[in-house]
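Below you will find the structure I want to go over with you.
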Number of protein chains: 2
Amino acid sequence: MPRPSTPLLSPDRIRSVALAIIDRDGLDGLSMRKLAAELGVQAASLYGHVRTKDQLLNDVAATILSSVDVSGFSSGWREGLIRCARSYREALSSHPNIVPFLAYGPAGREESLRRLDILHGALVDAGWSRREATMIAAGLMYIVFGSALSSFSSGFSSDPADYTGRYPHLDRAHLLPGVARELDRDSFELALAAFVRGL
Amino acid sequence: MPRPSTPLLSPDRIRSVALAIIDRDGLDGLSMRKLAAELGVQAASLYGHVRTKDQLLNDVAATILSSVDVSGFSSGWREGLIRCARSYREALSSHPNIVPFLAYGPAGREESLRRLDILHGALVDAGWSRREATMIAAGLMYIVFGSALSSFSSGFSSDPADYTGRYPHLDRAHLLPGVARELDRDSFELALAAFVRGL
DNA sequence: CCCATTAACCGAACAGTGTTAGGTTAACTC
DNA sequence: GAGTTAACCTAACACTGTTCGGTTAATGGG
């Protein structure tokens, strides 16, 4: 195929299809050839619009992070932390398959830094020292990312035989997958509430 | 090379060299061919001792998790949670490069489950409901894994120009890498203390 | 002691990965 | 209308995990 009359590819379209594949097939399910195929194109053509796969993943991550809202600090820093964490988690849990990538690479992402900056500033304004603000922000991220990885409740088997006998206290762990979604959110809320209350 | 007089390979040796490569070159730095080369062997030979690379990584992870101590619940559940979390984090932070793998796959690992079972039982014995115990254990894992991923302080650039101007509150973020180790630990301790206190 | 079996390794290959170089043709600009 | 650029292509490279079939040494039985 020569140059088409209307371009088949655009960074936006590539990002959106890439994210759709990740949501559907997981992070390992995304390959440049598969992505190209779903865009009706050959793999090499992608590299006219995207520098590298890693960069593409970073771009996809950035668009997800751009929906995080850290502007809820008007009614006190405790409430602000909670709102910020909820917004963060909501963004991540709507695309859980990309979280391992987020957690893997360095945090030096544009979108991530901008939000961290605001969070840090709000905490300092509330009277925390700079160092304390850094640690509190880090702690909040621990809970957000830890819960978003969700290798916990959703990582359990639904076969009772995997637990009975061997793990006496986990004899109902096979029920976890059924309530994973709810339990994940409740665990997150519990951890978040305890953390903020304990500060 | 035919069959050698004394075997070159053993599951133990394979695991230990694999872990050394991961520690040195990162998770992506481990390939079966490189692993084989460092063992003085061809890649195909590994498959007589290891079923698959994923299984090998699980085995390596298991040996790391086996050093986690969850037996500190004799002086109260709060102290027990803290000791358990510290032990977990210590095990993970001594091999940070394998944490993404740990966080990626399901939690259904033998070693992981056994410890979770004990933790869960100790919390129920302390008077928490089963559901609460599950959520508290999950929250503790959030903090442990979140801090072990440590894509925070160690993920910052050491070039001041990356921050000044653009992120007013992060104008000293370039100093973070120098104190990353200490700051990571302090952030973990802060989050852990706040979480346990807030329960 | 010899023979059959098994265990340990190797070479070569397969299908898949990200990525690049060089070619072809349509659309745009002067 | 000619020249340039942009968008796609084919083909290839150097990898990856894994498997198949072969080769040889150690081991156990009669």
By side-chain contact (heavy atoms from CB on, under 4.5 Å), which residues pair with B:S94, not counting sequence neighbours?
none
Find the distance A:L9:CG to C:dA27:P and express it as a whole number of Å.
16 Å
Please report the distance, rounded to the nearest Å, between CD in B:Q55 and C1' in D:dT18.
15 Å
Could you walk me through whether A:L56 and A:T52 pass side-chain contact (heavy atoms from CB on, under 4.5 Å), step by step?
CA-CA 6 Å; A:L56 169 60; A:T52 171; over 6 Å; no
Quick check for you: among C:dT19, D:dT18, D:dC8, whose closest atom lies nearest to any side-chain atom of B:M32?
D:dT18
Specify the residues of residues 44-53 of chain B, ordered by number, for which at least one heavy atom lies under 4.0 angstrom from an atom of DNA chain C.
B:A44, B:S45, B:H49
Could you pull out all donor-acceptor pairs under 3.5 Å where a side-chain atom in residues 38-47 of chain B meets a protein atom, sequence neighbours excluded?
unit_1, atom_1, unit_2, atom_2, d
B:E38, OE1, B:R24, NH2, 3.0
B:E38, OE2, B:R24, NH2, 2.8
B:S45, OG, B:Q42, O, 3.3

Under 3.5 Å, side-chain donor or acceptor atoms of residues 122-139 of chain A against the rest of the protein: list the pairs with distances, not counting sequence neighbours.
unit_1, atom_1, unit_2, atom_2, d
A:S129, OG, A:E132, N, 3.0
A:S129, OG, A:E132, OE1, 3.3
A:R130, NH2, B:D171, OD1, 2.6
A:R131, NH2, B:D186, OD2, 2.6
A:E132, OE1, A:S129, N, 3.0
A:T134, OG1, A:H120, NE2, 3.1
A:T134, OG1, A:R130, O, 2.9

Who pairs with A:T164 by side-chain contact (heavy atoms from CB on, under 4.5 Å), at least two apart in sequence or on another chain?
none
In whole angstrom, give the distance that lies between atom CG of B:D28 and atom C1' of D:dG17.
14 Å
With sequence neighbours left out, the residues meeting side-chain contact (heavy atoms from CB on, under 4.5 Å) with A:R83 are A:S75, A:E79
Go through the structure and list residues passing side-chain contact (heavy atoms from CB on, under 4.5 Å) with A:S71, not counting sequence neighbours.
A:D69
Scan nucleotides 13-16 of chain C against the protein and return all N/O pairs shorter than 3.5 Å with their distances rounded to 0.1 Å.
unit_1, atom_1, unit_2, atom_2, d
C:dA13, N6, B:R33, NH2, 3.2

Given atom NZ of A:K34 and atom P of C:dG18, what is their separation to the nearest angstrom?
10 Å
B:D25 has an atom CG; how far is it from atom C1' of D:dC15, in whole Å?
16 Å
Taking CG from A:L57 and C1' from C:dG18, how many angstroms apart are they, rounded to a whole number?
12 Å
Rounded interatomic separation in angstrom, taking CG from A:D54 and P from C:dT19
8 Å
Phosphate contact (C:dG11 OP1 or OP2) by B:Q42 side-chain N/O below 4.0 Å:
yes
Quick check on contacts: within residues 12-24 of chain A, what sits under 4.0 Å from DNA chain D by heavy-atom distance?
none
With a 4.0 Å cut-off on N to O distance, would you call A:R185 and A:E182 a salt bridge?
no
NA contact type, B:L30, heavy-atom cut-off 4.0 Å: base, sugar-phosphate, or nothing?
sugar-phosphate
Expressed as a whole number of angstroms, how long is the span from A:L39:CG to D:dC8:P?
10 Å
Can you list everything that forms a side chain to side chain donor-acceptor pair (under 3.5 Å) with B:H95? Sequence neighbours excluded, please.
B:D23
Does any pair with a residue in residues 40-57 of chain A pass salt bridge (Lys or Arg N to Asp or Glu O under 4.0 Å), and if so which ones, sequence neighbours excluded?
none
Determine all donor-acceptor pairs shorter than 3.5 Å in which one atom belongs to a side chain in residues 188-199 of chain B; sequence neighbours excluded.
unit_1, atom_1, unit_2, atom_2, d
B:E189, OE1, B:R86, NE, 3.4
B:E189, OE1, B:R86, NH2, 3.1
B:E189, OE2, B:R86, NE, 2.8
B:R197, NH1, A:G198, O, 2.2

